[in-house]
Amino acid sequence: MNEPAYSIAVLISGTGSNLKTLIDTAAEGRLPARVCHVISNREDAPGLDHARGAGIPFTIINKATSGGREEQDHAIVECLDGVRPDLVILSGFMRIVTRPFIDAYGGRMINQHPSLLPKYPGLDTYRRALEAGDTEHGASIHFVTEGLDDGPLVSQVRIPVLPDDTPSSLAGRLGPIEHRLLIATVELFAAGRVQTSHGRILLDGEVLPEPLQLQSDFRFA
Ligand code: GRF
């Protein structure tokens, strides 16, 4: 089987279940893209096992390997420049990225976040949604800017909050749906359908007024 040409670099810090979904979906021939490299800022990130298992090269870049935050971002840019990915995905990468990294990759770098942004940037989104009495929660994918979980929104998926939900039950239900959002969004990127320009999202060259919403059949309306 010929591997798709469209290549993705994935940055992780932890479990890497989204990375695993990308790898598995690609291995099944259901993703028009391939994961070409993984970068982790934690050498013990469990998600690295998914890269190891699939024979995907990975690089650890953190304080110990590279120094301060800007130096680490320079090292990341250098690594990515060597790999030349079409798309960079921050997938549970627990670091705010600095200007040099954004200057180099901003137009082709997305982040996934477990809330309906602009609600609840940062941590603990499930608890915060429950405490606010929200009736729905969800996940978002956006282009990366210097702000925390900020930047033009590409896509979202929504799930209802149930009366007995706890942060962990909500997280457990959202996880697999967030994986589907990632796959559907990567398909759009690999087809060359999404760009960002002047803080806006262009879909097929037209300004997207609202983020795309993933429907229950896991397609965008
Ligand atoms: C996801 O919920 C993502 O939105 C957030 O971190 C989580 C990563 O999960 N940024 P995993 O490491 O892919 O399992």
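Both counts, for ligands and for their atoms, begin at 1 and track the order of listing.
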Do the side chains of [Y] and [X] get nearer than 4.5 Å, heavy atoms only?
{"X": "Gln112", "Y": "Leu181", "result": "no"}
{"X": "Phe143", "Y": "Ile110", "result": "yes"}
{"X": "Val157", "Y": "Arg180", "result": "no"}
{"X": "Val77", "Y": "Pro100", "result": "no"}
{"X": "Val186", "Y": "Ile89", "result": "yes"}

Tell me whether Arg128 is salt-bridged to Asp124, with the criterion being a basic N under 4.0 Å from an acidic carboxylate O.
no
Run through ligand 1 for me and note each protein residue having a heavy atom under 4.0 Å from it, chain first, then residue number.
Thr15, Gly16, Ser17, Asn18, Gly92, Gln112, His113, Pro114, Glu178
